[in-house]
Amino acid sequence: MTGKCVWFEGIPFPSLDYSPELLREVQESFLVKDEDVLLLTFPKSGTNWLIETVCLIYSKGDPKWVQSEPIWDRCPWVETKHGYELLKEKEGPRLISSHLPIQLFPKSFFKSKAKMIYLIRNPRDVLVSGYFFWRSAKFVKRPQSLEQYFEWFVEGNVVFGSWFDHARGWMSMRDKENFLILSYEEMKWDTRSTVEKICQFLGKKLEPEELNSVLKNSSFQAMKENSMSNYSLLKGQYFEENGQLLRKGVTGDWRNYFTVAQAETFDKLFQEKMADLPQDLFLWKQ
Ligand SMILES: Nc1ncnc2c1ncn2[C@@H]1O[C@H](COP(=O)(O)OS(=O)(=O)O)[C@@H](OP(=O)(O)O)[C@H]1O
């Protein structure tokens, strides 16, 4: 996958909209403000679902905003050229998303009171989701088979680097007051409670009908049909026609794709890399 990538500090990034110079500038000079809200993920963890949910919380369930502005403009990726320029211009509190590993994140964040949500997902499902997504992308070396992508993923040879390093790095923030860890699995299994948790963390109060509207408009089906959120506007330029962001939206899909040997290899690796972390952070239980 990394054949077509740009590199910064040993981490590969997609070839489009990223550059080592910009990544350095983002790290050194981007000013995070206390009132910003940051949404952090390893790619394919449910980033866009979290963004859509938070945008809808901000608009009190009114879908006008999410249906009229592309998701990458509502909550720009700070590490991309497009997102960085947009964020510099934005007045007031900003929603900012990022896939950056902790060591490359804007240094100003660590001195700020800005709130951050880190969304984690079973890495086995992240792997499968990534395989289907990247194989239709135009800005990375595409995987030719799941077997090949499995090898790349376990070696950390994928964009934004090793999932294990990414998760470990950000989890070191877990006791900070301005940091909330959520999982894709809890969002999926109890969406209402998770949205309530997000509201509480962000200090937002919703009326029951507003909360219902957040849930309705951020559902898989609603997002799949929303051209401002489903990446259909990027087809042709960034993706082949068959590429889709909203593929299945389920938990445990890896079971349909991993061989027994791959499942065992992954379990062993997960144990090696993550055994010392509190296991209640990993809701998926494999
Ligand atoms: N509303 C909603 N409900 C449930 N699941 C959802 C939703 N929106 C996105 N998704 C699923 O999230 C996966 C894409 O992850 P990301 O948004 O992180 O992708 S990206 O890294 O920003 O490209 C991808 O997972 P897979 O279906 O397993 O491929 C999407 O389907």
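Excluded from the calculations below are hydrogen atoms, water molecules and symmetry mates; all remaining heavy atoms, backbone and side chain alike, are included. Remember, it's 1-based here, ligands and their atoms both numbered in the order they're listed.
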Which residue supplies the protein heavy atom nearest to atom 29 (O) of ligand 1, what is that atom called, and how far is it?
-> S129 OG, 2.7 Å
In terms of hydrophobic clustering (I, L, V, M, F, W, Y; side-chain heavy atoms under 4.5 Å; direct or indirect links), are L86 and L31 co-clustered?
-> no
Please check if any side-chain donor atom of Y84 sits under 3.5 Å from a side-chain acceptor atom of E25, or the reverse.
-> yes
Joint hydrophobic cluster, F133 plus F258, side-chain heavy atoms closer than 4.5 Å = yes
Counting only heavy atoms, which portion of S218 has something under 4.0 Å from ligand 1: side chain, backbone, both, or neither?
-> backbone
Is D165 salt-bridged to K273, cutoff N-O under 4.0 Å?
-> no
With heavy atoms only and a cut-off of under 4.0 Å, state how S45 meets ligand 1: side chain, backbone, both or neither.
-> backbone
Is G249 close to ligand 1, meaning an N/O of one under 3.5 Å from an N/O of the other?
-> yes
Among L38, V26, L22, side chain to side chain contact (heavy atoms under 4.5 Å, CB included) partner for V78 = V26
Tell me which protein heavy atom sits closest to atom 9 (C) of ligand 1, plus the residue, atom name and distance to 0.1 Å.
-> L246 CD2, 3.7 Å
Which heavy atom of the protein is the closest neighbour of atom 17 (O) of ligand 1, given with residue, atom name and distance?
-> N48 ND2, 2.7 Å
for atom 24 (C) of ligand 1, nearest protein heavy atom and its distance come out as L245 O, 3.5 Å
Using a cut-off of 6.0 Å, state whether more than 12 heavy atoms not belonging to K176 lie near its atom NZ.
-> no
Which of the atoms in ligand 1, numbered in the order shown and given with their element, are less than 4.0 Å from a heavy-atom of S219?
-> 1 (N)
K248 heavy atoms, cut-off 4.0 Å: which ligand 1 atoms fall inside?
-> 27 (O)
Which ligand 1 atoms, with their elements, are less than 4.0 angstrom from a heavy-atom of M223?
-> 1 (N), 8 (N)
Short list, please: which atoms of ligand 1 are under 4.0 Å from a heavy atom of P43?
-> 21 (O)
Which of the ligand 1 atoms, numbered from 1, are nearer than 4.0 Å to a heavy atom of T47 | 16 (P), 17 (O), 18 (O), 21 (O), 22 (O)
For the ring pair F160 and F42, is the centre-to-centre distance below 6.0 Å?
-> no
If you have a sec, work out which protein heavy atom is nearest atom 12 (O) of ligand 1 and how many Å separate them, to one decimal?
-> G46 CA, 3.7 Å
Note: Y231, heavy atoms under 4.0 Å from ligand 1, region reported as side chain
Does M187 approach ligand 1 within less than 4.0 angstrom via side chain, backbone, both or neither, non-hydrogen atoms only?
-> neither
Can you get from W7 to I102 by hopping between Ile, Leu, Val, Met, Phe, Trp and Tyr side chains that sit under 4.5 Å apart?
-> no
Would you call the rings of Y131 and Y149 parallel, tilted or perpendicular, where under 30° means parallel and over 60° means perpendicular?
-> tilted
among protein heavy atoms, the one nearest atom 20 (S) of ligand 1 is K44 NZ, 3.6 Å
Considering the options D73, D34, D36, which one meets the salt bridge (charged side-chain N to carboxylate O under 4.0 Å, His left out) requirement together with R94?
-> D36
Assess K115 against F201: is NZ or CZ under 6.0 Å from the centre of the six-membered ring, and within 45 degrees of the ring's axis?
-> yes
Does H99 come within less than 4.0 Å of ligand 1, judged by its heavy atoms?
-> yes
Nearest protein heavy-atom contact for atom 4 (C) of ligand 1: which residue, which atom, what distance?
-> Y184 OH, 3.4 Å
Which one holds for R121 and ligand 1: side chain close, backbone close, both close, or neither close, with close meaning a heavy atom under 4.0 Å?
-> side chain
Output field: ring centroids W65/Y58 closer than 6.0 Å = no
